[in-house]
Amino acid sequence: MNWSWMLPEAFSTFSEDVDAIYYVILWVTGVIFVITESVLVYFLVRYRHKEGRKATYDHGSTKLEVVWTTATLVVCLALGIASKGVWDRMKIDVPPGSMEIIVTAKQFEWNVTYPGTDGALGTADDFDVLNQIHAPVDRPVWIHLRAEDVLHSLFLPEMRVKQDAIPGRDIPVWFEATATGDYTIGCAELCGIGHTTMSGTLTIHTAADFQVWVTAQAQ
Amino acid sequence: MTAMTADRSPMAGMKVYNLKLGMWVFLLSEVMFFTGLIGSYIILRFAHPESFGAPGDVLNVPLTAFNTFVLICSSVTMVKAFAAIEQGDQRGLQKWLLATILLGAFFVGVQAVEYTLLSREGFVPMAESYHAIARGAAEGSAVIGGPLYGATFYTMTGFHGAHVSIGVLCLCFTLWRARKGAYTAGSLGGVEIMGLYWHFVDLVWILLFTIVYLI
Amino acid sequence: MSTTEQEIGGAIVAGGQHDHHEIPWIRRYVFATDHKMIAKQFMFMSLFFLLVGGTLAGMMRWQLGFPSQPMPGGGILPDAMMAPTPAGAIMLPEFYNSLVTMHGTIMIFFAIMPLLVGLFGNLLIPLQIGAEDMAFPRLNMASFWLAVPAGMLMLASFAVEGGAAGAGWTSYAPLSTSGEWTGVYLGQQLWLVSLTILGFSSLVGAVNYITTVINMRAPGMTWFRIPLGTWSLFVTAVLVLLAIPILAGALIMLLFDQTIGTGFFRPEVGGEPLLWQHLFWFFGHPEVYILILPAMGITSEVLSNRARKPIFGYHSMVLALISIGFLGWIVWGHHMFQSGMNPLLGTSFMISTMAIAVPSAIKTFNWLGTLWKADIHFDVPMLHALSFVSMFIIGGLSGIFMASTPVDIYIHDTYFIVAHLHYVLFGGSLFAIFAGITFWFPKMFGRMMNEPLGKVHFFLTFIFYNLVFFPMHNLGLQGMMRRIYDFTQYEFLQPLQPMNEFISQFAFALIATQMLFVINFFWSIFKGEKASDNPWNSNTLEWTVPSPPPHGNFAQMPMVFRGPYEYNSPESDYDFLPQTTPPREGPGPSSGVPEPRPTPEGAEA
């Protein structure tokens, strides 16, 4: 059983930044956790009732309140501000020159549409693949995420990607893989009886192998 | 029962007695309820304008404007009812309560007629019906509304109408109590809170009429 | 424990006794208008639903710990829920989805909310402010008797064709708009109707609580002398008042989508699924504060009393409650970061969410400050209250992770969220409920609960609870999604099977342990040690009347002279000083015994 609070390894260009924020938060909350719980336990031991013990008649300290309120606010806001840049990069700034594909979620499968050898979506040589996303390494991929029936959520854990899919909408999702291999596609939004079966494979090829794959599929 | 929960016993707190404070608090929740419905309409209208029509094309604005006037008159009669009991005028109270009831019932009646006429023209809450009508409509003939228009229209005005109807029933109950001599100049909480509710329902209508019929 | 003689106005409280003989049995116990009886009614109803919710969780944990293996006892359930096989009955995914949905729904709406708001609101508010009952006793009765049919409908939905609702307690559209998507038809509609009725129940309760607190405080009970129990319930009632109507509107629109074919949330006819989420969470976020604020209030009461020390920073505590109440309205989008709403909104909601961490942190520091240089008595209520503080710290800190939008991309809809919500709702709210029930049990029933059994229940619950929910953080970090019938379908999650089994074993133990509480509870009602008026030597007004209090509570109008947390005050010879004890006049010997008090006519507030 894995009791570690380390994140599993990730293989996308922005995963380092996301994971870094996670670890900063882990440290900050970890330190606060240790301090507050230790103080609590210490107080329980030190100030437990004993014969003759009298509690101090004390209503508080405004100065202390101001100090810890300000400190908490500063820490929380700093974490928020630090997060904004990474969020914008992951959700808004799709890089130009990305390879575009369409992923359509439906009960209970992922339909992935590729531009064919002409490299353009929406043309006659587009082809569909079921429950598989193939992409070249070191090239950004822009997924047009759609849904046919109910909400689903495209979850690519090793790429640190998650985005809900809404029927009637086309939502941009992007990532750039940094290592070849087979990874996970999952659905992360309850979508019905077969929600548990929507697993798929994300395969990252070398650029050359990817071309080979595309050519083979287009036939 | 001590003075603590009697009709008019201000305690260490605001000098507003329990029934009245309770009604104000309840009306606050009603504000939120209508905000949810009206807010949803506004959001849907902005996000999907193609699913709606222009109010002037679809709804009978003149008829409803008249109906609005009727409801406003009923607020006036309600004010007069309360003024009467403040003076201890029992007959006046009953007279003006009855007038309010009749005007309120008239409002609901007109709304029922309006609904009937609209649905005959194909303006209904069901989204598929709109599409069916649109598909079946003869070439070039106008199809009123949109798939979301009926749903939002009937929900907002329907819940308002339900509130008016409940108000009319409560007014009848208030009138019945008045005839039994339950209210005096010193004990008129029941009438006052009835008035608060009624004026609130009127205010919501003015807002609804503006947002739904005029904009 | 010593008792201070409580003579109110020089007369023994006996006047109220007469009323008991005049009220017929059905008016006293069934269609009760006395707030104390209604409190008990809510308590019994909610404890029943707590056990139901726990049983549903137990079944879920079977499936998660032993995926698609025959469940012991599963044979008694119908084929629509459990598929019969030669080896035994195996849970079906549709039933698992219903279990997920109904566990959350029942725990939130029929257990935690009625316990905190229905039980403690009714029990504490009139007594703590010195009123004889709520402002509207018959409306109060209506509040309870609306909750009952709501609960019955919710349970009945398991028995209809298609089963109980299966779209999650959050009922997202479009999944929830049609049985075509979920396989659930009538069950989903019953869910909506049940919650609408329950909404009415809560709403009229809120009107009552707010009016009572504003208008019916005894002379001398100024706003800043109100105990934190009542303060927290007051702020909670305002949240209920304003949030429930939004939910009602949303439920009604969804019901229309399901039944008459409107298209509010149905994209196939031009509707907007995100509108459901916005409406639901605009209600839903204040709702989670409704589920925690009274728990914080109870914790403050118990901590201060059992530590024999004033609450550290009472005014800040009140301000924190009010700030949480306000800020709670502007953070709802943090449940929707990955929903497809405009990412710019993600940032604004992240900032407001980080801000709302602050008042909760202040309260936590103040609880620690209350324990500093205190005189701590480890009775059962105190153990549960301390548990609240320590577990709430974990729940609150884990929230910081999901408040950061990029981190939330990874952990949203995983077990990390499940861990967080159970740390605040169980580690927080439920432990506070146990603290409150054990603390005010003597006031309700005139008897103490059994202390040793209470301690065993506490320790086992605390240990098992942490073994169940702490590892869920790890499951989430490894990527395990929520609401997933069989995670072993995902290769990357298969290594998590041992941890899931571990959690399930301790979950069964945790559920079984609650029997100790049930036994203690019922045994103590009949056989518990008789309790005095003020067994905890507390300062607040409910402890100046007999246990249990008579109808009408106070024989004479109480007079309040000070705040509620004057423990170990130099003005008292004892380590407590009730709010209603008149102040000493000038120098000279004094006692904690209140002198015969002037009648209300003679005294000015």
Side-chain angles (χ1 to χ4, degrees), chain B residues 1-5 9-41 43-52 124-132 146-156 158-159, chain C residues 129-137 139 203-204 206-223 237-238 240-250 252-253 256-257 260-264 266 268-272 274-275 278-279 282-283 552 554 557 560 600 605:
Chain B
M1 190 82 137
T2 69
M4 283 159 129
T5 49
S9 57
M11 294 297 301
M14 290 156 54
K15 304 293 182 200
V16 175
Y17 59 96
N18 284 356
L19 268 183
K20 191 164 161 183
L21 178 61
M23 178 53 77
W24 274 112
V25 171
F26 170 68
L27 290 178
L28 217 68
S29 78
E30 293 278 62
V31 168
M32 293 308 286
F33 178 67
F34 281 103
T35 300
L37 295 183
I38 298 174
S40 297
Y41 166 68
I43 290 172
L44 284 173
R45 213 182 165 134
F46 266 106
H48 302 274
E50 70 284 358
S51 297
F52 291 80
V124 291
M126 302 76 170
E128 269 87 0
S129 301
Y130 168 79
H131 286 298
L148 293 185
Y149 202 5
T152 50
F153 172 80
Y154 284 106
T155 305
M156 287 186 291
F159 271 101
Chain C
I129 64 172
E132 67 171 19
D133 206 311
M134 288 283 183
F136 310 113
L139 195 66
L203 194 67
V204 299
V207 172
N208 226 339
Y209 294 4
I210 293 169
T211 307
T212 306
V213 173
I214 290 176
N215 258 11
M216 293 177 66
R217 287 168 285 127
M221 181 63 78
T222 58
W223 283 98
V238 174
V240 170
L241 185 83
L242 301 177
I244 290 280
I246 303 282
L247 176 69
I252 288 165
M253 287 191 271
F256 286 169
D257 272 12
I260 46 180
T262 54
F264 294 104
R266 294 166 54 215
E268 63 266 29
V269 293
E272 181 53 71
L274 279 187
L275 177 62
H278 280 295
L279 287 170
F282 191 71
F283 148 79
F554 303 91
M557 182 103 72
V560 176

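In what follows, every chain begins at residue 1, and chains take the letters A, B, ... in the order their sequences are listed.
- Interatomic distance, C/M216 CE to C/M134 CE, rounded to the nearest 0.5 Å: 9.0 Å.
- Separation of atoms CH2 (C/W223) and CD1 (C/I214) is listed at 5.0 Å; rounding is to 0.5 Å.
- Heavy atoms of B/L28 lying under 4.5 Å from chain C belong to its backbone as well as its side chain.
- Using a 4.5 Å cut-off between heavy atoms, C/L241 touches chain B through backbone and side chain atoms alike.
- Among C/I244, C/I210, C/I252, the residue with the largest count of heavy-atom pairs under 4.5 Å with chain B is C/I252.
- Ring geometry for B/Y149 against B/Y41 counts as parallel: the plane angle stays under 30°, on a 0 to 90° scale with 60° as the upper cut.
- When each of C/F283, C/F256, C/F264 is checked for heavy-atom pairs under 4.5 Å with chain B, C/F264 comes out on top.
- When B/S40, B/A47, B/P125 are compared by the number of non-hydrogen pairs under 4.5 Å with chain C, B/S40 comes out ahead.
- Each of C/L242, C/T222, C/T212, C/I246 has some count of heavy-atom pairs under 4.5 Å with chain B, and the biggest count is that of C/L242.
- Here B/F33 contributes atom CZ and B/I38 contributes atom CD1; the two are 10.0 Å apart, rounded to the nearest 0.5 Å.
- For B/F159, the part lying near chain C is the side chain, with the backbone staying farther off; criterion is any non-hydrogen pair under 4.5 Å.
- Closest approach of C/A135 to B/N18, counting heavy atoms only: CB-ND2, 3.7 Å.
- Of the residues considered (C/L275, C/L139, C/V240), C/L275 shows the highest number of contacts with chain B, using heavy-atom pairs under 4.5 Å.
- Each of B/M32, B/M23, B/E30, B/M126 has some count of heavy-atom pairs under 4.5 Å with chain C, and the biggest count is that of B/M32.
- Summarising the geometry, atom NZ belonging to B/K20 is positioned 13.5 Å from atom OG1 belonging to C/T211; distances are rounded to the nearest 0.5 Å.
- The CD1 atom of B/I43 sits 12.5 Å away from the OG1 atom of B/T152 when rounded to the nearest 0.5 Å.
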